[in-house]
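Before any comments, here is the structure.
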Protein chains: 4
Amino acid sequence: MAGVNKPDPARRSERSRQAILQAARELVSEVGYAKVSIEAIAARAGVGKQTIYRWWRSKGAVVFDSFLALSEGGDASDGDGGSVVLPDTGDIEADLKTVMRATVAEFADPGFEAPIRALNLEIVNDPELAAQYRDKLAAPVDEAKKARLRSAQRAGQIAADADLDLALELLYAPLYQRWLLRSGPLTPQYADALVDLALKALRP
Amino acid sequence: MAGVNKPDPARRSERSRQAILQAARELVSEVGYAKVSIEAIAARAGVGKQTIYRWWRSKGAVVFDSFLALSEGGDASDGDGGSVVLPDTGDIEADLKTVMRATVAEFADPGFEAPIRALNLEIVNDPELAAQYRDKLAAPVDEAKKARLRSAQRAGQIAADADLDLALELLYAPLYQRWLLRSGPLTPQYADALVDLALKALRP
Amino acid sequence: MAGVNKPDPARRSERSRQAILQAARELVSEVGYAKVSIEAIAARAGVGKQTIYRWWRSKGAVVFDSFLALSEGGDASDGDGGSVVLPDTGDIEADLKTVMRATVAEFADPGFEAPIRALNLEIVNDPELAAQYRDKLAAPVDEAKKARLRSAQRAGQIAADADLDLALELLYAPLYQRWLLRSGPLTPQYADALVDLALKALRP
Amino acid sequence: MAGVNKPDPARRSERSRQAILQAARELVSEVGYAKVSIEAIAARAGVGKQTIYRWWRSKGAVVFDSFLALSEGGDASDGDGGSVVLPDTGDIEADLKTVMRATVAEFADPGFEAPIRALNLEIVNDPELAAQYRDKLAAPVDEAKKARLRSAQRAGQIAADADLDLALELLYAPLYQRWLLRSGPLTPQYADALVDLALKALRP
DNA sequence: CGATAAGCGAGACGGTACGTCCCGTCTTCCT
DNA sequence: AGGAAGACGGGACGTACCGTCTCGCTTATCG
């Protein structure tokens, strides 16, 4: 549990940890990731700077953990949780369009967009954070998506021998790229077109 | 010429400009983008800090321009130039695999990878730089790629009504994403698989 | 002029220098030397910390200079100034007692005592400051005292071949030691006894 | 035994006490008094910080005790001891010169000088330590010196009504001052001159 | 053609934040 | 209960850069 950045010998103050993560979250949404400083996080959390440096490697690690904690806190109560489930109406095309339109909508919401962009930025030049991101945040979602694709395979809507990782990239990478580089409009129509094209490629 | 960021009253010292761009390039490759400071650029270029602030908005703008100047210096002699040409053997599949394998190879070379990653990072949270990037660096290359695809359309290898921008994204975005997020291995086989899949989607 | 701690290339801001010295003086008398921090001086002076570090080696150096400036500012208007003059009634015993009783009184005044004690502390483990102290603060006073003793030599009240430096130490060192180590009461009677004893030693 | 700074309920660990004092001594001579920290002492002694704070008021108190323990350990075996005895050849002048030349030599030895300077520094702004210093370290030595002077009084070499405390100051304060402030050379000749002058003042 | 104003190097300046060192207090767990 | 261990909130350190601001000194244009 929690994004491990340094060894955690249990002597750690949970109260401080929570205060730091909350302060980080608040500050990122108030002033933007770039303008958040460790000093400010410590001050807001009512914590010595050393307490942050003791447990995290960098500002990026703190902010990352603060998001992580949020996503972990948000799921069901059944133990480890985080079991994402996607709609499965039997119609893979319709389901994918639903999901991808939702993603497009998320990217359009500045309240979502800004922190995620910051997170991605941090991930780009910190391989260790990137690994954590994949394992803790991306993996569960990707797994759910692949589960839906597998279901489509069983239904004969997608080639049985398709590489699902690649399929996922085919669907989502264009969207991700447009968003990150702002290289084109992100519309529901775009999402639909993407699904159509990708499904054509994946057809049996 | 060059991504102008501030008004340029011709009184500008070309010698200083070149020194600054070169210093920026050197420093980025020596210590990495994040650790480059405007002070360091000024010092290395033998230039007053003000001279940098006078002509560029930010560190990102300087570094960006330094890359831009490099790419502009490297192309053909015909004026503004930059006319990229891709191979056209008549076999779109073979040609795309050639080009994408080359891209994979570039991404694998740390000497190329590091500065490009820095550039992408800077672009991600500076829309203005992003626009410049698209116009000055990405556009010519994309245009060449689309030209090749158009040629394939004429040859009936690709659907005549295919959206070429989307086609380009389908081909390159997965590769870009894997590279940027380090979310998977970048191999020639991967490039090939991507081409196969994308072409299947684009088939008439 | 001014206690030189670093080279002074004239580009220096006199306004900042004065603000720093004044802030140092105020803080020392408000919270005591030990509790003064460079950070606090900078804040009070409305100055960046770097501006202090640029021109002074240490807190001790700043505080020292702040005292120095005071003593320099306090003397006559004739140029370099600082020409201390002691009473010369022709009676060396009476004159010395007057001067040493005054010194005793100074040491008894907490407003004087505290900063001087701090200054001495700083001097004790900083040979460079000690040298400055001797040259800029002690020397003029000592010179005046020796002038008075020389006058007494001419009047035949003191041996013509007496070592005046040693004579000064004989008179003042006991007083200094009692004050610094608090090893005994500092009274006018003590001053008188000291003068009597020293003069006996110096008699022709 | 030892300069007690806090109540001592006998539950105290002698092993820890010794380790702390030794660590303090070592560190002072290795890095200098100013750079010694309580944390460093605790770490070197293999002791919790609290154990130091429990038994001493301050770094100064620890260091002081560490010196004290050293001087107590060094003297004769008769219990509390510390009975210093000075040479008494019958010639007060010769004896004083011997003793004071020895003091000069001590001050010249950096191995002695540094810790004593540190000790004096600490004493200067801690009246409580100063009192302890006088009682435990200075008093025995001063008593021995006064004993020698008293013997000289009996021999008629020194005025019978001389104030011996003042006499001691007359002899030693100039030396102490020169050493502490580095205000002049400390040579055997200087010691001799001092004795000559002081004896002249003390003559019957 | 000489004044005059801009660009320029240099770098001081008021600031913010960094990451580190210690402070003195505290809590935990062991002996 | 004392002690080893060390986390904690906090204050200050000395450093790196930020972006702005003077300084003199070219230099290149225009009255």
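A residue-by-residue look at Val47(B) and Lys49(D) shows that Val47(B) has its nearest nucleotide of DNA chain E further toward the 5' end.
Between the P atom of dC21(E) and the CD1 atom of Ile52(A) lies a distance of 17 Å, rounded to the nearest Å. Between the P atom of dG14(F) and the CZ atom of Arg57(C) lies a distance of 12 Å, rounded to the nearest Å. At whole-Å resolution of the value, CZ in Arg17(A) and P in dG9(F) are 14 Å apart. Distance CZ (Arg44(A)) to C1' (dG10(F)): 19 Å, rounded to an integer number of Å. Regarding Glu39(A), its CD atom lies at a distance of 14 Å from the C1' atom of dG14(F), rounded to whole Å. Rounded to whole angstrom, the span from the CD1 atom of Ile41(D) across to the P atom of dC22(E) amounts to 11 Å.
In summary, the side chains of Glu122(C) and Tyr133(C) do not present any donor paired with an acceptor at a separation below 3.5 Å, with no hydrogens or angles considered. A side-chain donor from one of Glu26(C) and Gln22(C) sits under 3.5 Å from a side-chain acceptor of the other.
Taking side-chain N and O atoms only, Thr51(C) has a distance below 4.0 Å to OP1 or OP2 of dG14(E). At the phosphate of dT27(E), neither OP1 nor OP2 sits under 4.0 Å from any side-chain N or O atom of Arg11(A). Between Ser16(B) and dG9(E) there is a side-chain polar atom (N or O) within less than 4.0 angstrom of OP1 or OP2. The side chain of Trp55(A) places an N or O atom within less than 4.0 Å of a non-bridging phosphate oxygen (OP1 or OP2) of dC8(F). Proximity of Arg12(D) to the phosphate of dG2(F): no side-chain N or O atom is located under 4.0 Å from OP1 or OP2.
By the 4.0 Å N-to-carboxylate-O rule, Asp126(A) lies close enough to Arg57(A) to be salt-bridged with it.
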